[in-house]
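Read the structure below first, then the notes.
A, B, ... follow the sequence lines: proteins, then strands. Residue 1 opens every chain.
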2 protein chains.
Amino acid sequence: MPYSQVAQIREAAQRIASRCPQMRVEESILCRIAMLLGRDLVSRLNELIAPAGLAELEYRLLLILFSHGGSASPGELCGLLTQSPANLTRISNLLTARGLVTRAPHPEDRRRLVVSITPAGEKLVRDLMPCLTAGLGALFDDFTAEDRQRFLDYLLRLMRALDEVPRSTHAEQV
Amino acid sequence: MPYSQVAQIREAAQRIASRCPQMRVEESILCRIAMLLGRDLVSRLNELIAPAGLAELEYRLLLILFSHGGSASPGELCGLLTQSPANLTRISNLLTARGLVTRAPHPEDRRRLVVSITPAGEKLVRDLMPCLTAGLGALFDDFTAEDRQRFLDYLLRLMRALDEVPRSTHAEQV
DNA sequence: TTCTGATATTTCACAGATGAAATATTCAGC
DNA sequence: GCTGAATATTTCATCTGTGAAATATCAGAA
């Protein structure tokens, strides 16, 4: 019932704005709904892969290996998944225990490891693909090619803004 | 550095698609970036309120009370914050300990409580408002009114789709 | 070579969040 | 009124995620 939250968000924003006139109502609503949508999309992904016994990060780790020549070091995976090294250790332990990835020492740098997807892991990724295409891709069924392009443009503008704005905020504090 | 992830997402999607032709590349990219944006927006919110010693849910609980006549029961707050009752107990403990909210028995139903924002809590919400307006509202500075309207429309379409699609997926499994 | 500093991974202690059991209260039907 | 089902909140066990310390290795300067 994600959509049912939208009315509440709008109403709350209006009530807050009536007491804090400086608030930017439309932007606040957009921001809050974008947060909510992100959370709900991740939840949907989790629901779709739960039958396979995977959680989001476990699946994405497999997917990265799958799209990455089959292996990567934990450090690289930290960057690609934006997760802490500690959490990456935990996740690869889980996947290793299930036989979906293996860990081996890096041939040239003994500090590092090489995490590799196994045939079973690759099969799992391939098996889940139709389910995800159906379950997530279908959300965009009423988007035209132009809609997709515009929506992507908005998302990217906000991502860039997130890169830019913090500096200006910091600058004010100096 | 949120935006730097975008190139990786695009490349990974292309490589996956080359091995799984049924994949819907554009939709996958949109979906992944929308998840990422949601996460990054929440992170930004957390950074902005961290100086006040608050985390996202603590702030949003205060904001809901602020926009809601000053008080609500834990059960209502669970719904509005989409959080478990257990977590709501934890959060109100924290806020109560800091004197930002109070908890009192409900006058008519002794199972319930009434969580109320204190003057200190209200002051904190008001004090944070300019900072949030600047830090989050500014992300939309290059959006025209028409952009905001279109973007909202896309977000709402996806929220509605999240309500619709799961039923169809379930239906297939039956 | 050897020392120093940087890098990679794991371990540990702890914060954040959840589901399920426990507790207390209300409400409906008899 | 009583009994049993439903509701509201807290407690408890557990899972997920993080920062910081510990460990091991590498790379460069003297």
Euclidean distance, atom CG of residue A:Leu61 to atom P of D:dG17 [Å, nearest integer]: 12 Å
Per the atom types in the model, does the base of C:dT7 pair as donor or acceptor with the side chain of A:Arg111 at under 3.5 Å? yes
Gap between atoms CG and P, on A:Asp109 and D:dT25 respectively (whole Å): 10 Å
Select from A:Arg90 and A:Glu108 the residue whose nearest nucleotide in DNA chain D is closer to the 5' end of that strand. A:Arg90
Please confirm whether the shortest side-chain N or O distance from A:Gln83 to OP1 or OP2 of D:dT18 is below 4.0 Å. yes
Taking CD from A:Glu76 and P from C:dT7, how many angstroms apart are they, rounded to a whole number? 15 Å
Just by distance, no angles: are the side chains of A:Arg90 and A:Asn93 close enough, under 3.5 Å, to form a donor-acceptor pair? no
A:Leu136 and B:Glu27, any side-chain heavy atoms less than 4.5 Å apart: no
What is the separation between atom CG on A:Leu77 and atom P on C:dT10, rounded to the nearest whole Å? 11 Å
Rounded to the nearest Å, what distance is computed from the CG atom of residue A:Leu54 to the P atom of nucleotide D:dT16? 12 Å
With a cut-off of under 6.0 Å to the ring centre and 45° to the axis, is A:Arg148 in cation-pi contact with A:Phe140? no
Rounded to whole Å, please give me the gap between CD in B:Glu47 and P in D:dT18. 14 Å
Of the candidate nucleotides D:dT9, C:dT10, D:dT18, which contains the atom at the shortest distance from the side chain of A:Arg103? C:dT10
Heavy-atom check, side chain of B:Ser73 versus side chain of B:Arg112, under 4.5 Å: yes
May I ask you to check if A:Arg157 and B:Phe143 form a cation-pi contact, with NZ or CZ under 6.0 angstrom from the six-membered ring centre and within 45° of the axis? yes
Heavy atoms under 4.0 Å, any strand shown: does B:Asn87 hit a base, just sugar-phosphate, or nothing? base
Roughly, in whole Å, what's the span from CG in A:Asn46 to P in C:dT18? 12 Å
OP1, OP2 of D:dT25 versus side-chain N and O of A:Arg112: anything below 4.0 Å? no
Which part of the nucleic acid, if any, lies within reach of B:Pro74 when heavy atoms closer than 4.0 Å are counted: base, sugar-phosphate only, or nothing? sugar-phosphate
With a 4.0 Å cut-off on heavy atoms, is B:Leu88 in touch with a base, just the backbone sugar-phosphate, or nothing at all? nothing
Can you measure A:Ile91 atom CD1 to C:dT9 atom C1' for me and round it to whole angstrom units? 15 Å
Among D:dG17, C:dT9, C:dT26, find the nucleotide with the atom closest to the side chain of A:Leu57. D:dG17
Selection from C:dT10, D:dT9, D:dG19 that lies nearest to any side-chain heavy atom of A:Pro85: C:dT10
A:Arg110 side chain N/O closer than 4.0 Å to the phosphate oxygens (OP1, OP2) of C:dA8? no
